[in-house]
Q: 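Would you mind keeping the following structure in view while I ask a few things?
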Amino acid sequence: MRIVLLGAPGSGKGTQAENIVKTYDITHLSTGDMLRAEVSAGTELGKQAKAIMESGGLVSDEIVLGMIEGRINAAASGFLLDGFPRNLAQAAELDKMLERLEKPLQLVIFFDVDFEEIVRRLIERGQQQGRADDNEETIRKRLAVYEEQTAPLIEYYTEQGKLQKVIGVGDIATIGERIKAVIEAAK
Ligand code: B4P
């Protein structure tokens with residue numbers, strides 16, 4: 001399976017991704033996790049990304065595309081993209097990349113969650129895990145960036161006939177069942 005998880009920060013993509021990749025035995029590709037690993041390893045790329053991430057902005061397309069291409073190539077049994085693409089330029093590059101590989105996307109799952117719930121979740125995560133970008137000011141900025149740059153992907157993938165919406169509010173297991181139903185229908 002070749003799947004994209006689309007949704008605002010804190011909509012549950014990372015949480016649900018863990019179960020999906022286990023169930024379907026596909027590779028989990030989270031650009032957020034990759035960037036955080038670069039930051040904590042103190043690499044040159046991580047140094048460039050750190051301040052942007054802490055301010056709630058998007059890291060440059062060049063950096064993100066450079067990180068993801070080889071990993072998509074290597075994911076022979078399928079992949080789950082989590083947090084990528086995040087704007088129209090990334091989506092267009094992804095389409096080109098997958099066309100070259102003759103492995104087009106099959107499904108885009110959009111997590112529908114209201115912003116009030118998102119702010120509540122991320123503030124709670126900030127208190128529990130201390131992630132630098134989970135404070136109220138940065139969360140507002142991330143949501144504004146999402147609305148401006150990422151939300152247009154809903155229409156982009158709807159036009160391609162690949163988008164399925166899942167209500168992302170409720171308990172984690174129930175949302176997991178909704179997602180499973182959507183994946184089974186797309187197989
Ligand atoms: P990400 O790591 O993608 O950060 P995120 O969007 O906050 O994570 P996610 O949405 O997966 O969190 P989840 O719902 O699982 O990106 C971080 C930064 O990296 C970006 O701001 C950007 O700077 C950079 N970046 C990443 N990708 C990029 C790209 N492609 N281009 C440019 N820049 C990029 O979890 C949220 C919380 O909700 C958790 O605490 C979880 O426990 C909780 N939760 C989940 N489901 C729940 C439920 N059903 N009910 C209650 N709580 C729930």
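When a ligand or atom number is given, it counts from 1 through the structure's own listing order.
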Q: Taking Arg120 first and then Glu124, would you say they form a salt bridge - that is, a charged N and a carboxylate O separated by under 4.0 Å?
A: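 Answer for the salt bridge query: yes.
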Q: Under 6.0 Å from the CD atom of Glu137, do we count more than 12 heavy atoms belonging to anything else shown?
A: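 12 or below, so no.
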Q: Below 4.0 Å from ligand 1: does a non-hydrogen atom of Gly56 turn up there or not?
A: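 Contact check Gly56 vs ligand 1: negative.
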Q: Any chance you could pull the hydrophobic cluster mates of Ile175, using side-chain heavy atoms under 4.5 angstrom and chaining through other members?
A: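 The other cluster members (ILVMFWY side chains, heavy atoms under 4.5 Å, direct or chained) are Met1, Ile3, Leu5, Ile20, Val21, Tyr24, Ile26, Leu80, Leu107, Ile109, Phe111, Val166, Ile179, Val182, Ile183.
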Q: Using a 4.0 Å cut-off to any heavy atom of Arg142, which atoms of ligand 1 qualify?
A: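 Heavy-atom distances to Arg142 below 4.0 Å select 5 (P), 7 (O).
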Q: Between Lys22 and Glu18, is the closest basic N to carboxylate O distance under 4.0 Å?
A: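 No, no charged N to carboxylate O under 4.0 Å.
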Q: Nearest 0.5 angstrom please: Ile63 CD1 to Leu58 CG, how far?
A: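 Going from CD1 on Ile63 over to CG on Leu58, the span is 12.0 Å.
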Q: In ligand 1, which numbered atoms sit nearer than 4.0 Å to a non-hydrogen atom of Gly14?
A: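 In order of numbering, the contacting atoms are 11 (O), 15 (O).
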Q: Report yes if Gly12 has an N/O atom closer than 3.5 Å to an N/O atom of ligand 1; otherwise report no.
A: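 Right, the criterion is met.
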Q: Which ligand 1 atoms are under 4.0 Å away from a heavy-atom of Gly83?
A: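 Per the distance check, 27 (N), 28 (C), 29 (C), 30 (N).
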Q: Taking 4.0 angstrom as the limit and counting only heavy atoms of Gln90, give me the atoms of ligand 1 inside it, by number and element.
A: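 That gives atoms 29 (C), 30 (N), 31 (N), 32 (C) of ligand 1.
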Q: Below 4.0 angstrom from a heavy atom of Arg36, which ligand 1 atoms are there? Numbered from 1 as shown, please.
A: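 The list of qualifying atoms is 1 (P), 2 (O), 17 (C).
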Q: Can an N or O of Gly170 be found at a distance shorter than 3.5 Å from an N or O of ligand 1?
A: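 Indeed, backbone or side chain, Gly170 has an N or O that close.
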Q: Determine which pairs satisfy side-chain hydrogen bond (donor to acceptor under 3.5 Å, both in side chains) with at least one residue from residues 72-83, sequence neighbours left out, and list them in order.
A: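 For residues 72-83: His28-Asp82.
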Q: With Ile167 as reference, evaluate Thr174, Val113, Asp112 under the side chain to side chain contact (heavy atoms under 4.5 Å, CB included) test and give the passing residue.
A: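 Testing Ile167 for a side chain to side chain contact (heavy atoms under 4.5 Å, CB included) against Thr174, Val113, Asp112 leaves exactly one candidate, Asp112.
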Q: Which ligand 1 atoms does Ile175 reach within 4.0 Å, using its non-hydrogen atoms?
A: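 Near Ile175, the atoms of ligand 1 are 49 (N).
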Q: Looking at Leu35, which atoms of ligand 1 are within less than 4.0 Å of one of its heavy atoms?
A: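 Going through ligand 1 atom by atom, the ones under 4.0 Å from Leu35 are 19 (O), 24 (C), 25 (N), 26 (C), 34 (C).
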Q: Would you mind listing which atoms of ligand 1 come within a distance below 4.0 Å of any non-hydrogen atom of Val64?
A: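 Going through ligand 1 atom by atom, the ones under 4.0 Å from Val64 are 29 (C), 30 (N), 31 (N), 32 (C).
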Q: How does Lys141 reach ligand 1, if at all, at less than 4.0 Å between non-hydrogen atoms: by side chain, backbone, both, or neither?
A: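 The answer is neither.
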